[in-house]
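Data first, discussion second: the structure below is written as structure tokens.
The structure displayed is predicted, hence computed values, not measured ones. Reminder, nothing fancy here: chain letters follow the sequence lines and each chain counts from 1.
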2 protein chains.
Amino acid sequence: MRIVVLAGGIGGARFLRGLKSAVPDAEITVIGNTGDDIHLFGLKVCPDLDTVMYTLGGGIHEEQGWGRAGETFAVKEELAAYGVGPEWFGLGDRDFATHIVRTQMLGAGYPLSAVTEALCARWRPGVRLLPMSDDRVETHVMIDDPEGGEGARKAVHFQEYWVRLHASVTAHAIVPVGAETAKPAPGVLEAVAAADVILFPPSNPVVSVGTILGVPGIREAVAASSAPVVGLSPIVGGAPVRGMADKVLEAVGVEATAAAVARHYGSGLIDGWLVDSVDADAVAEVEEAGIRCRAVPLMMTDLDATAAMAREALALAEEVRG
Amino acid sequence: MRIVVLAGGIGGARFLRGLKSAVPDAEITVIGNTGDDIHLFGLKVCPDLDTVMYTLGGGIHEEQGWGRAGETFAVKEELAAYGVGPEWFGLGDRDFATHIVRTQMLGAGYPLSAVTEALCARWRPGVRLLPMSDDRVETHVMIDDPEGGEGARKAVHFQEYWVRLHASVTAHAIVPVGAETAKPAPGVLEAVAAADVILFPPSNPVVSVGTILGVPGIREAVAASSAPVVGLSPIVGGAPVRGMADKVLEAVGVEATAAAVARHYGSGLIDGWLVDSVDADAVAEVEEAGIRCRAVPLMMTDLDATAAMAREALALAEEVRG
């Protein structure tokens, strides 16, 4: 079975671990979000790709969900001693090595997809991990600019909004800078076309899955695919399971409910949608929108629970395949 | 008193510490060797500038003489796990931060001299540290190429010859690639012209002081200076005090003796020369070559001994000034 998964960071990575456990023999291609990539200290940092790679490769800091296990912070402390920031982005020493290798390879002319493959040669994540694009796409967030006078706004990098500001200010718009001219990375459209099932894990529907779908050609390929497309709601009981998805949903005018996110994707894109058991009353609303829906437990509390979610998603895919 | 010192790495840095102790009120400008700079992992590494900066700024690994005190090696271990080398060059985590800041600033368009000044704003070495040039000069060493057939030779980076090969193979020639078109960094010629005294510490006369003098304009400025120029022999009793200066002296056809190094610099360049007490019989030979010479203890065993050497050098400078 060939499965394609459009994944963000922590939520996507944890779901993938469950999926691998549920169907160990499946051939899984992950299309990773690179919209929250950032250049820090002259290095190219790809938080979502690395979270998937470290999580599936056994190097992740389990409790934190991102970064490396057994991490130290000597480099960051030294950079701070030089007065070089930002200090709000937590790069550890082990993590730095990944960014150093990536930056060196990019500087030598390799595209990000080739670099990601090279990094994965060490981590052996057990999936084929592709960046959504080799082109630079950078998610910016429009926020109020208190220094700019009445009604003034400014764009900040997604990481600044998310990590430094903890999404505590109003996001007026999400702007994927560069998306309109980006091309899907080699293998992305081919994987979508060849997929038996396409899954949207409970990743952020705006700044993770939405950004991937915003690369011209990817949304169209997913919509055109004959394979069932099934998503899992990242919103449970009216709030994000983790992260701050509600903040960015508001920016795109979508209510933070399991049903609203399903309608946001739409029946032209997804065929099936899983909501959490507590949102069972959303099933009818989703099905009215032309999307097959089931309510099942959607909390990734451990590997077994996550594998069960993956099995439910695959079962729903079989059901909609009919 | 304005003192200009042409310095390599460990020997130069230790001498400078003694000099600062001997004349705390002197205005010291250090012209640092950048010929052994190397690009590693996409980062610009300046071993000699950093050794001076760390030594005078209190961050040096005292026993080792280079690198940072309290160093850890997580980044290097991770790079090795990615199969990314070289493993023979020992970059620690704290040290990496310096190279990251430097590389980022160079990438942003700052010349090396401005970058060095910015790094020194943290370390406050108590001297003005200037790279010999903002242009790339890279010392290569011609060695035998066993894979190239009879008589074949190849050029390797100085660090590969020095650190990886421990200078254990014959150096046929020392080639400062890029030197012929390099320009002295801003402030270098001005400092030489304004100097009251110019000192050559017991640094390597070929690949440290020699490389600095090889930047067009610097040797000429030193030779033309009205200030006394005094050097300290790095060779004691026919062998280098530390390092492997004898290996590279051989490559330029100079005997590894205190007198031969003085003649190599020549009376057109230096006015005074200190040899170690054990080389007292070299004094006559050096003076015959037109260079005032004295035999004094030249072992930098501790700060007091090093300060005494600096005082002897300054005393000899006063003597030749006449």
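Remark: A:E71 CD is packed, more than 12 non-hydrogen atoms of other residues, nucleotides or ligands lying under 6.0 Å away. Within a 6.0 Å sphere centred on CD of B:E160, heavy atoms belonging to other residues, nucleotides or ligands number more than 12. By the neighbour-count criterion of 12 heavy atoms within 6.0 Å, atom CD of B:E180 is densely surrounded, having more than that number from other residues, nucleotides or ligands.
When B:A81, B:G107, B:G83, B:A121 are compared by the number of non-hydrogen pairs under 4.5 Å with chain A, B:A81 comes out ahead. No other option in A:G70, A:G92, A:A97 has as many heavy-atom pairs under 4.5 Å with chain B as A:A97.
Here the NE2-CD1 distance, from B:H99 to A:I100, works out to 10.0 Å after rounding to the nearest 0.5 Å. For the atom pair CZ (A:R122) and CD (B:E78), the distance works out to 4.0 Å, reported to the nearest 0.5 Å.
Looking at B:E77, only its side chain comes within 4.5 Å of chain A, counting heavy atoms on both sides. Contacts between A:T72 and chain B at a heavy-atom distance below 4.5 Å involve the side chain alone, from C-beta outward. Contact annotation for B:V84: only side-chain heavy atoms (C-beta onward) come within less than 4.5 Å of a heavy atom of chain A.
Residues A:D93 and B:F96 are not in side-chain contact: their nearest non-hydrogen atoms beyond the backbone lie 4.5 Å or more apart. The closest side-chain heavy-atom distance from B:Y82 to A:L119 is below 4.5 Å. Counting heavy atoms from C-beta on, the side chains of B:H39 and A:Q104 never come closer than 4.5 Å.
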